[in-house]
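I have placed the structure first, in the form of structure tokens, so that the comments after it can refer back to it.
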Amino acid sequence: MTDFSALLQPDRGQPARDIHVVHPDRFATWLATQPVRVRTAIAANKVTGRAGNRAVLPGEAAEDWSMLLVCDEPLDSPWRIASLGDGLPEGTYRLAGNGAIGAAGLGWLLAQHRFTRYRKAEPAAPRVLLTADVAGIEEIVRLAAATARVRDLVDTGASDLGPAELEAEVDTLAAQHGATVTVTRGDALATGYPMIHAVGQAAAKDRAPRLIELEWGDPSQPRLALVGKGVCFDSGGLDIKPSSGMRLMKKDMGGAAHALALAALVMEARLKVRLHLLIPAVENAIAGNAFRPGDVLPTRKGLTVENTNTDAEGRLILGDALTKAVEGAPDLLIDFATLTGAARVALGPDLPATFVQDEALAAELLAAGQAVRDPLWRLPLWDGYDDMLKSDVADMVNAPDGGFAGAITAALFLRRFVPGHVPWAHLDTFAWRPSARPGRPRGGDACGLRATWALVKQRFG
């Protein structure tokens, strides 16, 4: 893991090169105040003041250069200077002016993170940013580490990250914070968590399904339950995906990665909560004992589910995990899942589809996402579509025919396992960035993590 704490340091007047961040609307005014040598360099570099323009600004001596970035990102954007985080020479920098970086430090740090598990790491060229916001350094470093945790887990190939390895990640986190881990594995799931067992039973023995639970904190404090979908690879089961659909299915444990990262943030900040992390971890594989279309599955809650599609397996394992979470009477329950392609069709990769039963909680969560520029988009738990889950032979189906409102019907399925009085939010997050942006490389990404962390801090901090 990148040592983010070394890349963001308090500004105590040590030598550093200035970074001038200028909005396009103020570029002409800024330029008029600069000495002739700077105006000459700007003209020579054909800098027009458009967003994205950059130039090296000469100082009085040749070695005293500074950097200009023309940027239209708002002051509170995490990505304001991210394009410089991996584009400047090794060295120490500060923002010109008052030296306050705010949220921009996050993008600076994440721009320097690399996933190097499968290739030789390039020589490090650390770019250190100094900040006058000394009190905010620890929080920014934590957020960068949590985001990198999600990215690294999602980017890891399924051959190296199965249910057992996901369990090991939880064990490592628990050891760091004195938490307790309980794991129910293999055939032991058949009675207590039958849907998790059914989905994962066709995997090889060393990739057996399991429910991983971590508990931490004072039992007398409010209870926070986090649930993450941990499908470590999804072949689609007997309703097998085409090769194009399987290409990115190493990322189908992205919900578990988000829940794990949020749990780490909670424990690192020592929030006054009783934390309950639940990760149902499976591989949806194909073998002679794979669950089948038409099978009627029992559930931990006592309902029965007619399985109409083995590729709609994520909601099945979440149903049993949510039931267990609810048994603890949580004061707040959040689940993360790379659940439906329908959510991506509707909202694209940037906006997690967000479903909330309680209006006050919904408003609080959406506002938190806006405040930290990690936006969520609420979709309705539309009662009018609940009939789509009807089955002729069981209490419900897992995937309605017709293909309508896929993200909504998946959320309605999960709602069957969460009583209305439980404060619950469901994030259908993509956990993947298909194209690179400054500070956000192509690959695994955390979408909704900072928003939910802001909510949790607000409630329990």
Side-chain angles (χ1 to χ4, degrees), residues 1 115-118 148-175 181-190 192-214 226-241 243 245-261 263-264 277-291 310-318 320-321 324 335-339 429 431-432 443-444 446:
M1 177 73 74
F115 178 66
T116 59
R117 177 166 184 162
Y118 299 116
R149 184 191 295 271
V150 174
R151 292 180 179 181
D152 287 356
L153 287 171
V154 173
D155 283 336
T156 300
S159 58
D160 296 312
L161 187 65
E165 289 78 16
L166 205 49
E167 178 184 333
E169 289 287 332
V170 177
D171 284 338
T172 299
L173 185 63
V181 177
T182 304
V183 182
T184 309
R185 300 183 192 85
D187 290 340
L189 293 161
Y193 306 97
M195 289 197 292
I196 300 174
H197 181 260
V199 172
Q201 65 186 355
K205 287 185 178 180
D206 62 345
R207 301 175 74 83
R210 62 206 68 200
L211 177 65
I212 309 161
E213 298 181 76
L214 176 150
L226 306 176
V227 179
K229 174 187 169 186
V231 178
C232 296
F233 188 79
D234 182 17
S235 69
L238 292 177
D239 289 313
I240 191 169
K241 293 177 182 287
S243 58
M246 262 192 263
R247 171 66 179 87
L248 291 180
M249 283 302 99
K250 68 176 184 178
K251 81 171 187 68
D252 213 16
M253 39 57 64
H258 280 73
L260 187 61
L277 170 69
L278 304 97
I279 296 177
V282 302
E283 179 170 345
N284 188 17
I286 299 172
N289 61 338
F291 75 125
T310 64
D311 197 20
E313 83 298 332
R315 66 200 70 181
L316 298 176
I317 66 172
L318 286 172
D320 277 348
K324 179 59 185 297
D335 82 74
F336 301 86
T338 52
L339 202 60
T429 184
W432 188 265

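Numbering starts at 1 and runs along the sequence shown.
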For this session: Could you tell me which non-hydrogen atom of C232 sits nearest to which non-hydrogen atom of G162, and how far apart they are?
Result: SG-C, 3.4 Å

Exercise. Side chains of P209 and V199: closer than 4.5 Å at any heavy-atom pair?
Worked result: no

For this session: To the nearest 0.5 angstrom, please state how far the CE atom of M246 sits from the CG atom of D311.
Result: 9.0 Å

Problem set entry | Criterion side-chain contact (heavy atoms from CB on, under 4.5 Å) on L278 and I212, from CA distance to verdict | CA-CA 6 Å; L278 304 97; I212 309 161; over 6 Å; no

For this session: Answer yes or no: is there a donor N or O on one side and an acceptor on the other, between the side chain of Q201 and the main chain of N289, under 3.5 Å?
Result: yes

Seminar exercise, completed: Distance col, row T338:OG1 vs H258:NE2, nearest 0.5 angstrom, shows 9.5 Å

Exercise. To the nearest 0.5 Å, what is the distance between CZ (F336) and CG (L260)?
Worked result: 11.0 Å

For this session: Would you please test L318 and L339 for side-chain contact (heavy atoms from CB on, under 4.5 Å) and show each step?
Result: CA-CA 10 Å; L318 286 172; L339 202 60; 4.0 Å; yes

Problem set entry | D155 versus Y118, side-chain donor and acceptor atoms under 3.5 Å | no

For this session: List the steps and the verdict of side-chain contact (heavy atoms from CB on, under 4.5 Å) for R315 and M195.
Result: CA-CA 9 Å; R315 66 200 70 181; M195 289 197 292; over 6 Å; no

For this session: Please round to the nearest 0.5 Å and tell me the distance separating atom CG of L161 and atom CZ of F233.
Result: 12.5 Å

Seminar exercise, completed: Shortest non-hydrogen pair, A256 vs G230, comes out as CB-CA, 3.8 Å

Exercise. Taking only residues two or more places apart in sequence or in another chain, which ones pass side chain to side chain donor-acceptor pair (under 3.5 Å) with R210?
Worked result: E167

For this session: Only counting residues at least two apart or in another chain, list the ones meeting salt bridge (charged side-chain N to carboxylate O under 4.0 Å, His left out) with E169.
Result: none

Problem set entry | Shortest non-hydrogen separation from P163 to A208 and the atoms involved | CB-O, 3.5 Å

Problem set entry | Non-neighbouring partners of A203 that pass side chain to side chain contact (heavy atoms under 4.5 Å, CB included), sequence neighbours left out | R207, E283, A285

For this session: Considering non-hydrogen atoms only, spot the tightest contact between G254 and V154 and give its length.
Result: CA-CG2, 3.9 Å

Exercise. Which heavy atom in A164 sits nearest to a heavy atom in D206, and how many Å separate them?
Worked result: CB-O, 4.1 Å

Exercise. Is there side-chain contact between L211 and D320, with at least one heavy-atom pair below 4.5 Å?
Worked result: no

Seminar exercise, completed: Rounded to the nearest 0.5 Å, the CD1 atom of I279 sits from the CD1 atom of I196 at a distance of 11.5 Å

For this session: Would you indicate whether the side-chain heavy atoms of K250 and D160 approach each other to under 4.5 Å?
Result: no

Exercise. Between L238 and T310, what is the shortest heavy-atom contact and its length?
Worked result: N-OG1, 3.2 Å

Seminar exercise, completed: From the list D234, D252, V231, side-chain contact (heavy atoms from CB on, under 4.5 Å) partner of V282 resolves to V231

Exercise. Quick one: do the S235 and N284 side chains pair a donor with an acceptor below 3.5 Å?
Worked result: no

Exercise. Could you give the distance from CE (M253) to NZ (K229), rounded to the nearest 0.5 Å?
Worked result: 11.0 Å

For this session: With side-chain contact (heavy atoms from CB on, under 4.5 Å) as the test, would you mind laying out the steps for I317 and Y193 before giving the verdict?
Result: CA-CA 8 Å; I317 66 172; Y193 306 97; over 6 Å; no

